[in-house]
There are 2 protein chains.
Amino acid sequence: MAPRPSAPADPDLPDVPGHVEVVRRFNRSYTQRIGVLDDSFLGLGMPLGTARLLYEIGVQAGTTRDLRARLQLDSGYLSRLLRRLESDALVSVEPDPDDRRRRRVDLTPAGRRAWDELERRSGERARHLVAPLTERQRDRLAAALAEADLLVRAATVEIEQVDPTDPAALAAVRAYVDELDERFPGGFAVGDLTAGTEGLRPPDGAFVVATSDGVPVACGGVQPLGGGVGEIKRMWVHPQWRGAGLGSRLLRHLEGVAADLGHTTVRLDTNGTLTEAVAMYERAGYRAVDRYNDNPHATHFFAKRLRRTG
Amino acid sequence: MAPRPSAPADPDLPDVPGHVEVVRRFNRSYTQRIGVLDDSFLGLGMPLGTARLLYEIGVQAGTTRDLRARLQLDSGYLSRLLRRLESDALVSVEPDPDDRRRRRVDLTPAGRRAWDELERRSGERARHLVAPLTERQRDRLAAALAEADLLVRAATVEIEQVDPTDPAALAAVRAYVDELDERFPGGFAVGDLTAGTEGLRPPDGAFVVATSDGVPVACGGVQPLGGGVGEIKRMWVHPQWRGAGLGSRLLRHLEGVAADLGHTTVRLDTNGTLTEAVAMYERAGYRAVDRYNDNPHATHFFAKRLRRTG
DNA sequence: CCATACCTCTGATCATAGTCAGAGAATTTC
DNA sequence: GAAATTCTCTGACTATGATCAGAGGTATGG
């Protein structure tokens with residue numbers, strides 16, 4: 001159990017460990033110190049599970065069904081926990097007006113106070129960790145954790161194929177066109193988002209949404225242009241997620257989808273204003289081609305030949 | 001529960017969060033994904049606590065007493081867990097020859113195989129996390145986690161006052177003189193480490209050791225020079241821990257100790273070969289002074305006036 | 001309007017985690 | 001060598017986490 005903190009400042013260390021080793025060492029040392037169980041949930045006079053449920057309700061109230069999915073709980077178990085919180089007057093449970101089989105759960109004022117206390121403790125714990133560090137070290141720690149957080153989130157993003165009119169898809173596309181409208185000098189006419197989505201669904205097209213914690217963070221689609229050519233459309237990455245390689249990953253994924261749909265080449269158009277996107281396409285092996293459509297907002301056109309799969 | 005991954009690449013983010021917020025956000029997202037409970041302990045047909053004990057024994061065999069201290073377990077509980085592992089032929093428990101009240105615990109060959117399986121799963125988990133990332137992203141993640149690991153460890157180092165002949169103190173001092181011997185052009189005569197330690201214990205002196213997970217990572221002492229002057233001696237930081245500010249923290253600590261001992265000024269000598277040390281002293285507000293002793297290895301001499309405390 | 005599916009809750013049950021008091025063996029102290 | 005201490009283990013007990021089957025209310029599709 002010798003500590004091997006592997007100072008990153010010293011590249012001459014004899015045993016530069018692999019990625020997996022670094023992750024494992026970090027897991028071990030971090031969880032030991034921060035408390036894997038996040039002990040801040042303890043000590044409020046209620047068991048861990050109950051506190052965790054209370055916390056989750058405070059983060060986002062919802063139906064018992066939501067909570068069950070978010071916390072991965074058995075319905076009977078959840079019911080019992082709720083009853084306990086209810087009898088302590090920390091939460092209110094009422095039938096959902098929309099579907100009276102379901103029940104809506106929310107915090108009472110007393111519950112909100114208990115939740116605030118959980119928050120306070122959790123903050124206290126974090127404050128205690130950084131307390132012995134100098135300001136410069138805290139900055140370094142914060143930067144390192146933020147970087148790790150971004151990458152870990154990016155690594156665990158889930159990419160799912162959905163219908164282009166799916167609520168999650170529309171939410172992502174709305175963010176996409178809003179951003180275009182903002183960045184294009186002349187603006188971008190935001191019309192009906194469901195228009196022109198025919199080609200983006202099977203059997204010849206597809207649309208995917210990448211979500212993190214259920215929140216859409218990126219999207220993109222493939223539609224057929226005929227002649228074994230697919231076109232990548234509506235590709236977008238949440239601004240706060242840029243720089244984490246999510247775009248490249250999504251692009252690779254869409255290329256795979258296009259290949260599965262039988263396309264041998266993909267094309268796409270974009271606007272020179274979106275500098276990050278242009279750079280990414282070039283990095284991903286796309287080559288500039290002549291204009292192949294009359295999209296008034298497009299200034300750059302790219303194509304890439306797909307390697308055959310399966 | 002909106003995700004705010006705060007891309008570090010974008011310094012213009014409107015809501016740059018404080019250190020505590022970053023730590024908390026990271027805690028939440030990381031533990032959710034990596035599994036606070038380190039689920040790799042599960043699924044071997046034994047409960048979590050048993051698996052954790054098995055793992056700990058595999059990392060470092062020892063007496064039940066050691067294990068109890070390391071895992072913070074009740075003696076009765078530990079006894080029961082051991083009996084279970086013993087009945088599964090995973091560990092052997094035998095009386096300690098040195099003190100037959102104690103019992104030594106070690107893995108059997110079957111236990112070692114089970115332990116290897118735990119290791120494999122844990123690695124699998126880490127591999128799974130980094131799998132979706134590109135090589136460059138993995139490097140970034142590894143660097144960020146290593147940096148965070150170093151700083152978190154540094155923040156949780158425990159500084160304790162011990163006798164200068166304490167085993168932990170001697171281990172640290174041995175590493176110190178070995179390093180001097182290696183770095184000094186003419187070598188450094190390593191004599192009896194307990195010699196010259198009289199001044200490093202109360203009531204006029206002190207010696208402290210900084211440990212992480214029970215392993216000495218830094219040390220230093222204060223001895224009286226008379227006339228309200230204390231001298232800082234034998235200050236050393238483990239090579240792998242340099243660059244984490246542990247030296248500065250230890251130095252601050254020793255200044256506090258010196259002040260508590262009634263000294264108003266501290267002096268120290270060092271060798272120009274130890275460039276990091278010289279830089280650190282200057283950063284900490286030490287000013288160069290004339291040679292005040294005949295230490296043949298010393299080339300630089302520093303002093304600092306202490307602010308009054310209490 | 002009937003069958004079916006969905007949703008929550010209750011009762012029953014179980015394993016695990018964890019605590020406490022004290023028996024009994026080994027060691028140290030006086 | 002007796003007394004006090006240290007150490008492990010057993011028995012007794014509690015709470016928590018978790019699962020399963022089924023009752024009974026509510027919605028939906030034909």
Side-chain angles (χ1 to χ4, degrees), chain A residues 31 35-57 61-88 90-106, chain B residues 31-32 35-57 61-88 90-106 118:
Chain A
T31 54
V36 163
L37 296 169
D38 203 344
D39 301 333
S40 49
F41 280 146
L42 298 173
L44 267 96
M46 69 179 85
L48 179 79
T50 317
R52 195 151 43 187
L53 175 59
L54 177 70
Y55 183 78
E56 202 61 31
I57 296 169
T63 64
T64 55
R65 190 178 171 68
D66 294 337
L67 294 169
R68 229 173 51 216
R70 271 152 60 193
L71 290 168
Q72 308 251 55
L73 294 176
D74 174 83
S75 65
Y77 185 26
L78 174 62
S79 177
R80 244 172 283 272
L81 292 177
L82 280 176
R83 204 148 27 93
R84 163 151 195 179
L85 288 174
E86 210 177 2
S87 77
D88 290 348
L90 297 174
V91 305
S92 64
V93 182
E94 290 167 10
D96 184 340
D98 297 340
D99 183 341
R100 294 173 50 79
R101 287 174 301 186
R102 300 182 186 171
R103 310 198 67 187
R104 293 200 59 81
V105 184
D106 210 340
Chain B
T31 53
Q32 263 182 357
V36 164
L37 296 168
D38 203 344
D39 300 333
S40 48
F41 281 146
L42 298 172
L44 267 97
M46 70 179 84
L48 179 80
T50 316
R52 195 152 43 188
L53 175 59
L54 177 71
Y55 184 78
E56 202 62 31
I57 295 168
T63 63
T64 55
R65 190 178 171 67
D66 293 338
L67 294 168
R68 230 173 49 217
R70 272 152 61 194
L71 289 169
Q72 309 252 54
L73 294 177
D74 173 83
S75 66
Y77 185 27
L78 174 63
S79 178
R80 243 172 283 269
L81 292 177
L82 279 176
R83 204 149 28 94
R84 163 152 195 179
L85 287 174
E86 210 177 2
S87 76
D88 289 349
L90 297 174
V91 305
S92 63
V93 183
E94 290 167 10
D96 184 342
D98 297 341
D99 182 340
R100 295 172 50 77
R101 286 174 303 185
R102 299 182 186 173
R103 311 198 68 188
R104 293 199 59 80
V105 183
D106 210 340
L118 282 177

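Numbers restart at 1 for each chain; the letters A, B, ... are given by sequence-line order, proteins then strands. From a predicted model like this one, the values you see are computed outputs, not experimental measurements.
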Going by number, which of residues 91-99 of chain B have a non-hydrogen atom under 4.0 Å from DNA chain C?
-> B:D99
Main chain of [Y], side chain of [X]: is a donor-acceptor contact present, judged purely on distance under 3.5 Å?
| X | Y | value |
| --- | --- | --- |
| B:R70 | B:E56 | yes |
| B:R84 | B:T50 | no |
| B:D66 | B:T63 | yes |

Grab the [atom1]-[atom2] distance between [X] and [N] for me, whole Å please.
| X | N | atom1 | atom2 | value |
| --- | --- | --- | --- | --- |
| B:Y77 | C:dC20 | OH | C1' | 15 Å |
| A:R104 | C:dC7 | CZ | P | 15 Å |
| A:E86 | C:dT8 | CD | C1' | 12 Å |
| A:R68 | C:dC6 | CZ | P | 12 Å |
| A:D74 | C:dT10 | CG | P | 14 Å |
| B:L53 | C:dT16 | CG | C1' | 15 Å |
| B:D66 | D:dT8 | CG | C1' | 14 Å |
| A:R102 | C:dC9 | CZ | P | 13 Å |

How is [X] classified with respect to the nucleic acid when contacts are heavy atoms under 4.0 Å: base, sugar-phosphate, or nothing?
| X | value |
| --- | --- |
| B:R83 | sugar-phosphate |
| A:S75 | base |
| A:G49 | sugar-phosphate |

Nearest-neighbour nucleotide for the B:P47 side chain, C:dT8, C:dA17, D:dC7 considered = C:dA17
Proximal nucleotide (of C:dC7, D:dA12, D:dT8) relative to the B:R80 side chain | D:dA12
Residue whose closest nucleotide on DNA chain D lies nearer the 5' end, B:R65 versus A:R100 | B:R65
Distances under 3.5 Å between nitrogen or oxygen atoms of protein and nucleotides 3-5 of chain C:
none

How many angstroms lie between atom OG1 of B:T64 and atom CG of B:D96, to the nearest 0.5 angstrom?
-> 9.5 Å
Quick one: pull up CZ in A:R80 and CG in A:D74 and give me the separation to the nearest 0.5 Å.
-> 8.5 Å
Decide yes or no on side chain to side chain contact (heavy atoms under 4.5 Å, CB included) for B:L90 and B:M46, but give the supporting numbers first.
-> CA-CA 12 Å; B:L90 297 174; B:M46 70 179 84; 3.8 Å; yes
Heavy-atom pair of closest approach, residues B:A61 and B:V105 = CB-O, 3.3 Å
With a 4.5 Å heavy-atom cut-off, do A:L53 and A:L67 have their side chains touching?
-> yes
Checking A:R65, A:R68, A:R83 against A:L78 for side-chain contact (heavy atoms from CB on, under 4.5 Å), the one that qualifies is A:R68
